[in-house]
Amino acid sequence: MCAIVDANVVSEVFGTNPSEAGVEFFRWVESNPNGRVVVGGKLLEELDRVSGFRQWAREVTLSGRRSIRKIDNDRVNKRENHLRESSVCSSNDPHIIALAQLSGARLLYSNDKKLQQDFNNKDLISNPRGKIYSTNEGRTAFSPAHRRMLARRDLCQARP
């Protein structure tokens, strides 16, 4: 399964004081042979600013583990520009929608409500619809809903 981690929650997963939900998400990525964090374009630039993520990504790459999936920056940027020009996103994160469209990732870890709205928009993300892994409003505990999302196997579709 492929997941996208928004920059607004990256410290919950890769920071020095992660949330319980972030710890379980990280455990899923590290222990599930099909778990992948998808990155590319502007999101990769944003995440690379966080030392915990940068260090993890380096370790994953050097060890040959498949816990990270990089989508070509040029492809992501081109799709982002198309989305921005067509004004179909209500959030200021068309780069994340572009990444989901290109990668097939259908799980988003984010606390950005407008981005969540875009990710749930069937005209932007479909087959299957996007799912939101969130810790909004202080819900940082690992909930049954979080557990169910991480147990799904249909949230990463092959994309050209």
Side-chain angles (χ1 to χ4, degrees), residues 1-15 21-22 25-26 28-30 32-62 64-136 145-146 149-160:
M1 181 172 73
C2 302
I4 297 171
V5 178
D6 189 7
N8 74 359
V9 294
V10 69
S11 64
E12 289 191 30
V13 180
F14 301 101
F25 182 90
F26 183 79
W28 169 81
V29 169
E30 287 287 297
N32 186 321
N34 298 316
R36 307 275 186 283
V37 173
V38 178
V39 297
K42 183 178 175 184
L43 180 63
L44 180 56
E45 294 172 19
E46 292 173 346
L47 297 179
D48 265 346
R49 293 183 195 130
V50 177
S51 64
F53 173 83
R54 194 172 50 248
Q55 179 180 352
W56 174 79
R58 187 176 313 119
E59 289 172 7
V60 165
T61 302
L62 291 174
R65 294 191 323 259
R66 296 175 46 189
S67 302
I68 193 166
R69 180 172 170 217
K70 187 173 184 303
I71 305 300
D72 180 71
N73 290 337
D74 290 337
R75 288 182 66 212
V76 176
N77 294 339
K78 188 180 219 180
R79 179 70 60 96
E80 174 191 357
N81 289 337
H82 172 74
L83 290 168
R84 192 177 304 282
E85 289 170 5
S86 61
S87 301
V88 294
C89 295
S90 61
S91 72
N92 63 352
D93 294 302
H95 59 287
I96 291 180
I97 300 302
L99 187 59
Q101 290 175 346
L102 292 170
S103 69
R106 294 299 183 260
L107 181 64
L108 172 67
Y109 189 167
S110 177
N111 288 338
D112 180 328
K113 291 186 184 213
K114 286 192 175 195
L115 175 57
Q116 291 172 359
Q117 186 178 13
D118 285 343
F119 209 79
N120 280 322
N121 181 340
K122 69 179 180 173
D123 294 330
L124 295 173
I125 306 292
S126 62
N127 298 324
R129 300 281 298 275
K131 299 294 179 195
I132 308 297
Y133 189 99
S134 177
T135 54
N136 272 344
H146 290 131
M149 276 185 257
L150 295 181
R152 291 185 64 156
R153 300 199 185 280
D154 66 335
L155 297 178
C156 187
Q157 300 301 311
R159 295 286 181 244

*In Å and rounded to the nearest 0.5 Å, what is the CG to CD distance from L102 to E80?*
11.0 Å
*If we only count heavy atoms from C-beta on, is the V9 to F25 side-chain gap below 4.5 Å?*
no
*Could you state the interatomic distance from SG (C89) to NZ (K114), rounded to the nearest 0.5 Å?*
12.0 Å
*Can you name the nearest heavy-atom pair linking A57 to I68, along with the distance?*
CB-CD1, 3.9 Å
*Between N120 and R129, what is the shortest heavy-atom contact and its length?*
O-NH2, 2.6 Å
*Hey, mind stepping through S110 and I132 against side chain to side chain contact (heavy atoms under 4.5 Å, CB included) and telling me if it holds?*
CA-CA 7 Å; S110 177; I132 308 297; 5.6 Å; no
*Check: D93 side chain, I96 main-chain N or O, donor-acceptor pair, under 3.5 Å*: no
*Checking R106 side chain against A100 main chain: does a donor-acceptor pair fall under 3.5 Å?*
yes
_I'd like to know whether L44 forms a side chain to side chain contact (heavy atoms under 4.5 Å, CB included) with F53, so could you lay out the CA-CA distance, the side-chain angles of the two residues, the decisive distance to 0.1 Å, and finally the verdict._
CA-CA 10 Å; L44 180 56; F53 173 83; 4.2 Å; yes
*Just how far is it from atom CG of N77 to atom CD1 of I71, taken to the nearest 0.5 Å?*
12.5 Å
*Would you call the rings of F14 and F26 parallel, tilted or perpendicular, where under 30° means parallel and over 60° means perpendicular?*
perpendicular
*Which heavy atom in D6 sits nearest to a heavy atom in L115, and how many Å separate them?*
OD2-CD2, 3.5 Å
_Over all atoms of both residues, closest heavy-atom pair of V76 and A98_ = O-CB, 3.8 Å
*Tell me, do L47 and V39 make a side-chain contact under 4.5 Å, heavy atoms counted?*
yes
*For the pair N92 and D112, evaluate side chain to side chain contact (heavy atoms under 4.5 Å, CB included) and give the outcome as yes or no after the intermediate values.*
CA-CA 10 Å; N92 63 352; D112 180 328; 4.2 Å; yes
*So, Y133 side chain and L150 main chain: donor-acceptor pair closer than 3.5 Å or not?*
no
*When you measure from the side chain of N111 to the backbone N and O of N136, does any donor-acceptor pair fall under 3.5 Å?*
yes
*Nearest 0.5 Å please: distance from the NZ atom of K131 over to the CG atom of L107.*
10.0 Å
*Determine the minimum heavy-atom distance between G41 and N73, stating which atoms define it.*
N-OD1, 2.7 Å
*Does P33 offer a backbone N or O that forms a donor-acceptor pair with the side chain of R36 under 3.5 Å?*
yes
*CG/L99 to NE2/H95 distance, rounded to the nearest 0.5 angstrom?*
8.5 Å
_Side-chain donor/acceptor of R69 to backbone N/O of S103, under 3.5 Å_ = yes
*Hey, what do you get for CH2 (W28) to CE (M149), rounding to the nearest 0.5 Å?*
11.5 Å
_Test your reading of the model: is there a side-chain donor-acceptor pair from D118 to the backbone of S90, 3.5 Å cut-off?_
yes
*Could you walk me through whether E30 and S67 pass the side chain to side chain contact (heavy atoms under 4.5 Å, CB included) check?*
CA-CA 7 Å; E30 287 287 297; S67 302; 4.0 Å; yes
*Compare every heavy atom of H146 with every heavy atom of S134, then report the nearest pair and how far apart it is.*
O-NE2, 2.9 Å
*Under 3.5 Å, is there a donor-acceptor pair between the side chain of Q101 and the main chain of L124?*
yes
